Amino acid sequence: MDLYEHQARELFAEHGILVPWAEVTDSPKEAREIARRLGGRVVVKAQVKTGGRGKAGGVKLAADPAAAELTARQILGMDIKGHTVGRVMLAEPVDVEREFYVSYVLDRATGRFLAIASAQGGMEIEEVAARRPEAVARVPVDPAVGVTTARAAEIAEAAGLPPQTVDVLVRLWQVLVREDALLVEVNPLVRTARGRIVALDGKVTLDDNARFRQARWGSGDAGHEDPLEAAAAARGLNYVKLDGEVGVIGNGAGLVMSTLDVVAGCGARPANFLDIGGGASARTMADGLAVILSDPAVKSVLVNVFGGITACDAVAEGIVQALDTVRLTRPLVVRLDGNNAARGRALLEERAHPLIQQATTMDGAARRAAELADAA
Ligand code: GDP
Ligand code: MN
């Protein structure tokens, strides 16, 4: 999960990295009040989870509270690379003398972290790397050792950063470790006219596998994410929206992924990925169906379950239960195999819903679901 700039800023501050005074709002009127509190002159910054806001007109200096209100009104609702601006951050302007780039990223190729740093900050690092690769230092970081003061000094030296940045490099590593982040990036990290090192922008990507101990961020983005993904997450389902027309429900990520392949092999496109997990209950199944059927793009649904810990009769019961609360408006093809499959199939036979069909093999089920989606 990516954090917003204002959330990254909060984390940096908690770990002792200097950041500008700032507040967030979704209201232009309140923007004026905040500007007044911050001393009048402020930088108004769009809060969207994408970079290049400055270039897109999402970062603007306002000279006084009235201008802050006007600028906030302009920026709120703006579209930046497909992201609608819902909130702005108002920040005390910083007197910038030099801009640097620093980040730590997980390098999956080597199974280590990489410090990337440059004395050419402010611009997009990809651009700097393309034009002047020698201006971007890449220093591996062993996660077992981390960024000690000595290592930080090496990073600063390699990138041509001033020695005052060493302390920030160490603290930024602590942000990554303690907050369970996969990426932390500061662009620009600046040196002010008075010689202080301040993080002017921040990007943090948290490791979703650690969400259970980073509860303060919740599911992250209430009201700003795909509504179906939010509904699924609220029910503890592993759901990803795709852009096809066959809804796919399975148990276990491996089975769901191969089901997506088989559906694609039948010439159809999966509408989603929904893994009800091992040991799924009737309730989970009912929740999963509810989520999928509320997607208007879905033309047919394929339920592919191989019962292990999950019993097929529980899955069948879940489907039957779901019929009480969700109106089945599109055909459902069910393939149950493994633990208690016979009992599961019998339950669905008994229910005899006209839109539910059963198949005995994964290929057969996928073919049928694809045909039904095509005919719809
Ligand atoms: P981005 O375009 O999404 O990366 O947004 P940034 O937060 O990095 O802002 C874009 C640029 O605006 C920065 O690279 C800075 O050069 C400039 N900027 C932002 N805040 C200030 C500030 O307080 N003072 C000065 N002088 N420049 C700022
Ligand atoms: Mn930036």
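All heavy atoms count here, side chains included; hydrogens, waters and symmetry mates do not. Remember, it's 1-based here, ligands and their atoms both numbered in the order they're listed. Here the structure is a predicted model, which means the values were calculated and not measured.
- The pair Arg171-Asp167 meets the salt-bridge criterion, since a charged nitrogen lies less than 4.0 angstrom from a carboxylate oxygen.
- Looking only at atom types and distance, the side chain of Ser103 has no donor-acceptor partner in the side chain of Glu185 under 3.5 Å away.
- One finds no salt bridge joining Asp95 and Arg194 here, because no Lys/Arg side-chain nitrogen approaches an Asp/Glu carboxylate oxygen to under 4.0 Å.
- In this structure, O of Asn187 and OD2 of Asp201 enclose an angle of 90° at the Mn ion (ligand 2), rounded to 10°.
- Between Glu10 and Arg216 there is a salt bridge, since at least one side-chain N of the basic residue sits less than 4.0 Å from a carboxylate O of the acidic one.
- Less than 4.0 angstrom separates some heavy atom of Arg53 from each of these atoms of ligand 1: 1 (P), 2 (O), 3 (O), 5 (O), 6 (P), 7 (O).
- Interface of Pro93 with ligand 1, defined as ligand atoms under 4.0 Å from a residue heavy atom, comprises 23 (O).
- Annotation for ligand 1: atoms under 4.0 Å from non-hydrogen atoms of Val96 are 24 (N), 25 (C), 26 (N).
- With respect to atom 24 (N) of ligand 1, the closest heavy atom belonging to the protein is Val94 O, 2.8 Å.
- Near Pro188, the atoms of ligand 1 lying under 4.0 angstrom from a non-hydrogen atom of the residue are 8 (O), 13 (C), 14 (O).
- Shown here are the side chain to side chain contact (heavy atoms under 4.5 Å, CB included) partners of Met362, two or more places apart in sequence or in another chain: Leu255, Ser258, Thr259, Val262, Asn304, Arg335.
- Applying the 4.0 Å criterion to heavy atoms of Gly122 picks out, from ligand 1, the atoms 14 (O).
- Among protein heavy atoms, the minimum distance from atom 7 (O) of ligand 1 is reached at Lys45 NZ, 2.6 Å.
- Nearest to atom 19 (C) of ligand 1 among the protein's heavy atoms is Leu200 CD1, 4.0 Å.
- Arg87 forms a cation-pi arrangement with Tyr4, by the criterion of a distance under 6.0 Å to the ring centre and an angle within 45° of the ring axis.
- A side chain to side chain contact (heavy atoms under 4.5 Å, CB included) with Val102 is found for one member of Thr165, Ile116, Leu161 and no other, namely Leu161.
- Residue contact check: Asn187 has heavy atoms under 4.0 Å from atoms 8 (O) of ligand 1.
- Residues meeting the salt bridge (charged side-chain N to carboxylate O under 4.0 Å, His left out) test with Glu157, sequence neighbours left out: none.
- Protein heavy atom in closest approach to atom 2 (O) of ligand 1: Gly54 N, 2.8 Å.
- Protein heavy atom nearest atom 15 (C) of ligand 1, with residue, atom name and distance: Glu99 OE2, 3.2 Å.
- Nearest to atom 4 (O) of ligand 1 among the protein's heavy atoms is Asp201 OD2, 3.1 Å.
- At a distance under 4.0 Å, no protein heavy atom can be found next to atom 11 (C) of ligand 1.
- Counting heavy atoms under 4.0 Å from ligand 1, residue Leu61 does not touch it at all.
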side-chain hydrogen bond (donor to acceptor under 3.5 Å, both in side chains) between Thr205 and Asp2: does it pass, once the steps are laid out? CA-CA 4 Å; Thr205 303; Asp2 292 339; 2.9 Å; yes

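- Partner Tyr104 forms a side chain to side chain contact (heavy atoms under 4.5 Å, CB included) with one of Leu114, Leu169, Val139, Leu183 and no other, that one being Leu169.
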